[in-house]
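All values below were derived from every heavy atom in this structure, side-chain atoms included, with hydrogens, water molecules and symmetry-related copies excluded. Heads up: numbering here begins at 1 and tracks the sequence. Remember, it's 1-based here, ligands and their atoms both numbered in the order they're listed.
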Amino acid sequence: MTASVGVTLTNHTDSVVDVMRRADFAVFAAKSAGKNTFRFFDAASQADLVYRSQLMVDLRSALQKEQFVLWYQPQVTDDGRWVGMEALVRWQHPEYGLIPPATFIPLAEESGLIHQLGSWVLRTACQQLVAWSADPERELLTISVNVSGKELQQPDYVQRVVDILQSTGVNPLWLKLELTETLFAGDIENIIEKMQALHAQGIGLSIDDFGTGYSSLSYLRRLPIDEIKVDKSFLEGALVNPKAAAIVKSIISVGLNMGLQVVAEGVETVAQRNFLKEHRCRVFQGYLFGRPGPADQPAPAFTVLTDAAVSREGGGV
Ligand code: C2E
Ligand code: CA
Ligand code: CA
């Protein structure tokens, strides 16, 4: 038997009901922290808990109410050309405004809603690709879609993707799926099989946040992937910390030596871009080149960013 204990402090003016309610919240917090432990009540975490459970309720109807929007962030080559866009979902909540995915994706995963949400994201991105294929300025852009580990673990995931490819009529060669290394902690053989099936459809596969999870060089050899993305946490330290720099350089080398495209994300300064360029990374994504925005975001977001323009802007440092 184990116990989860909630503790709250009180003065003589609190009602019994209030004290019990706070203790209850604290017990819940202790359970959420993995059980068999104790937590003190604190007002901030109560507010957070109320907020999260409200979002959890609202999430169920958010798809029907068309409250999700897909934003796009450019991926740029070293000569300033736009080569692709990463699709990033946002939730336009009627009461709380624009909610970032880091807040609601975990809730969607917890509630199982991630499958419907993931299908909506993929379908919307495919429809966007079809629309862009008729636009001479954007017909050469790929779209990268983030896939939650939970989605890929669904037995029918590949079939869902194939259905969406067929119903939208998209050319799969312009579509990329971004997977994270947390996937490889599970049933790796099954995951590899699914990745091969997706790859056989012509879809590009990318490993997101490379180096932050369960990466193993032996998996890398066996996975049918086209691209790795250098996580922004490595890049953040690269210019000040020689170890972080060594990691970035090594990731780029491993990727390039395996014939993969290497994309650096979280590029915020000209100095970072130059460091990456010097070490042969050729595709960048980050605030320096453009923030995520609506698909129909007007120029100048869609104008080509040349070297000269970057230096004129002062690099957004
Ligand atoms: P991610 O896939 O690593 O996406 C990159 C995140 O970094 C995005 O945050 C982007 O806005 C942000 N970012 C881009 N450039 C810069 C920069 O220069 N500096 C800094 N500091 N940040 C930058 P966002 O849009 O809030 O997304 C957060 C995470 O949510 C994503 O991380 C991804 O894991 C997840 N996510 C987003 N959309 C989806 C989706 O449709 N499905 C799933 N399953 N996950 C998604
Ligand atoms: Ca991503
Ligand atoms: Ca990432």
Tell me whether the Ca ion (ligand 3) has Glu178 as a neighbour, meaning an N, O or S atom of it below 3.0 Å.
no
Identity of the N, O or S atom of Asp208 lying closest to the Ca ion (ligand 3)
OD1
Under 3.0 Å from the Ca ion (ligand 2), can any N, O or S atom of Asn146 be found?
yes
Short N-O contact, Lys229 and Glu265, less than 4.0 angstrom:
yes
Salt-bridge contact Lys150-Glu110 (side-chain N to carboxylate O under 4.0 Å):
no
Any Lys/Arg nitrogen of Glu189 or Arg222 sitting under 4.0 Å from an Asp/Glu carboxylate oxygen of the other?
yes
Atom name of the N, O or S atom in Glu86 that lies nearest to the Ca ion (ligand 2)
OE2
Is Glu265 close enough to the Ca ion (ligand 2) that one of its N, O or S atoms comes in under 3.0 Å?
no
With nothing but distance in play, are any N or O atoms of Val89 less than 3.5 Å from an N or O of ligand 1?
yes
Aromatic plane relationship, Tyr96 with His93 - under 30° parallel, 30 to 60° tilted, over 60° perpendicular:
tilted
Looking at Asp209, which of its N, O or S atoms is the nearest one to the Ca ion (ligand 3)?
OD1
Would you check the N or O atoms of Gln285, main chain and side chain alike, for any that come under 3.5 Å of an N or O of ligand 1?
no
Hey, would you say the Tyr72 and Trp132 ring centroids sit under 6.0 Å apart?
yes
Should the pair Arg22-Asp14 be classified as a salt bridge under the 4.0 Å nitrogen-to-oxygen rule?
yes
Could you tell me the residue and atom name of the protein heavy atom closest to atom 27 (O) of ligand 1, and the distance to it rounded to 0.1 Å?
Pro101 CG, 3.3 Å
Top protein contact for atom 21 (N) of ligand 1, by heavy-atom distance
Glu268 OE2, 3.0 Å
Mind checking whether Phe104 and Phe68 have ring centres under 6.0 Å apart?
yes
